[in-house]
Number of protein chains: 2
Amino acid sequence: MPTPHYGQPRYRAIAQELSERIESGVIPPGALLPTESALTAEFQASRGTIRQALSALRENGLTTTEHGRGTYANPHPYEPAPTENLIREVRQREVVADIELATLFSIEVGSTLVLHESVTRSQSGVEAVSRTYRLAEGDQ
Amino acid sequence: MPTPHYGQPRYRAIAQELSERIESGVIPPGALLPTESALTAEFQASRGTIRQALSALRENGLTTTEHGRGTYANPHPYEPAPTENLIREVRQREVVADIELATLFSIEVGSTLVLHESVTRSQSGVEAVSRTYRLAEGDQ
DNA sequence: AGAAATTTGTCCGTATGTATC
DNA sequence: AGATACATACGGACAAATTTC
């Protein structure tokens, strides 16, 4: 069978259907979406097309996908940073890498990382805490 | 032949090679990148893999692709980072507040926070991991 | 602890549609 | 109209992370 895509391509229609389910609450925040193979069965599309649709959702910040686990509906569709009346406090310190960070940086657990921490406050209290980890100088 | 991808996957290596060419000026701003079929020949990779690499460049704002025309190198937009051949991955999840975070936010230990995590990669590996914590919607 | 099943990630090849030159 | 170039879609195979038994 040919593969025409008049107007809207298939993957986008699927992405739209899925995003409607998320925003309507059919798929609640934090919940797993159906697996890719389940979606291929439901939409009668190839896995590649399904993955293209899921990729679109991810780029729009609606979902998060984890290898071997699945795709989750995000608790928060977005988060524009309010840039008014904010106070930022920045400090710097050294920390030891836990398993998660060590894996990301491909270093050993217990290695030192440099941490820049930024605390953003508004009148109502702490708005956000941002932490950036980097390898210590000379370790790279 | 099988498809092993030890360490870094093929498409990412290609993406970094191309971003270096853009960064170094081998491919000047505004210029067209080689066509997908040309890249297929050069890197001895399938077109799908090439498109995956180009997609990564696009997502990182390095290039712009136009249907039927080609892929252009973007003129340096607004970049906070000095080195531009970087690839960022973003994901979002919920975490439980430890004592430190709970104190900062003035919430109870165990409360859920929304975490946006951004991993910045260069060819040498992970450059930085940035984590931003915020209160869940409705808790503020 | 270890093996199997599940699920997402990567890669290939092919075919056809659509936009541009 | 023809050639070129990117877009969409299918199918198959194997790799890697996670979960389950």
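Below, read A as the first sequence line, B as the second, and so on, with proteins coming before strands; counting in each chain starts at 1.
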Quick test of your reading of the model: are B:R21 and B:E42 salt-bridged, counting only N-O distances below 4.0 Å?
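Salt bridge flag = yes for B:E42 with B:R21.
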Charged N to carboxylate O below 4.0 Å: is that the case for A:E127 and B:R134?
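Salt bridge flag = no for B:R134 with A:E127.
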Taking CZ in B:R88 as the centre, count heavy atoms belonging to other residues, nucleotides or ligands within less than 6.0 Å. Is the count above 12?
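No.
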Counting neighbours of CD on A:Q92 that are heavy atoms of other residues, nucleotides or ligands and sit closer than 6.0 Å, is the number greater than 12?
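Yes, enclosed.
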Rounded to the nearest Å, what distance is computed from the [atom1] atom of residue [X] to the [atom2] atom of nucleotide [N]?
X	N	atom1	atom2	value
A:Q52	D:dT8	CD	C1'	6 Å
B:L32	D:dC6	CG	C1'	12 Å
A:R10	D:dT8	CZ	P	14 Å
B:E89	C:dT8	CD	P	18 Å
A:Y11	D:dT8	OH	P	4 Å
B:Y72	C:dA19	OH	P	17 Å
B:E66	C:dT18	CD	C1'	15 Å
B:Q8	C:dG9	CD	P	17 Å

Using the test salt bridge (charged side-chain N to carboxylate O under 4.0 Å, His left out), find all partners of B:E59 that sit at least two apart in sequence or belong to another chain.
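Salt bridge (charged side-chain N to carboxylate O under 4.0 Å, His left out) list for B:E59, sorted by chain: empty.
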Excluding sequence neighbours, so at least two apart, what forms salt bridge (charged side-chain N to carboxylate O under 4.0 Å, His left out) with A:E20?
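If we apply the salt bridge (charged side-chain N to carboxylate O under 4.0 Å, His left out) test to A:E20, skipping adjacent residues, there are no hits.
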In chain order, what residues pass the side-chain hydrogen bond (donor to acceptor under 3.5 Å, both in side chains) check against B:T40, with sequence neighbours excluded?
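Partners of B:T40 by the side-chain hydrogen bond (donor to acceptor under 3.5 Å, both in side chains) criterion come out as none, since no residue qualifies.
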Between the side-chain atoms of A:H67 and the base atoms of D:dA16, is any donor-acceptor pair under 3.5 Å?
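Yes, a donor-acceptor pair under 3.5 Å.
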Can you check whether [Y]'s main-chain N or O pairs, donor with acceptor, with [X]'s side chain at less than 3.5 Å?
X	Y	result
A:R10	A:F43	yes
A:D98	A:E100	yes
A:S111	A:I107	no

Strand contacts (DNA chain C) in residues 43-51 of chain B, 4.0 angstrom heavy-atom criterion:
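Contacts with DNA chain C under 4.0 Å: B:Q44, B:A45, B:S46, B:T49.
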Interface residues of residues 98-105 of chain A with DNA chain C (non-hydrogen, below 4.0 angstrom)
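Listed by number, there are none.
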Within residues 33-41 of chain A, find the residues that approach DNA chain D with a heavy atom at under 4.0 Å, and present them sorted by residue number.
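By residue number: none to list.
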Which part of the nucleic acid does A:R12 contact within heavy-atom distance under 4.0 Å: base, sugar-phosphate only, or nothing?
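Sugar-phosphate only.
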Taking the side chain as everything from C-beta on, heavy atoms only, tell me whether B:V95 gets closer than 4.5 Å to B:V114.
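No, their side chains stay 4.5 Å or more apart.
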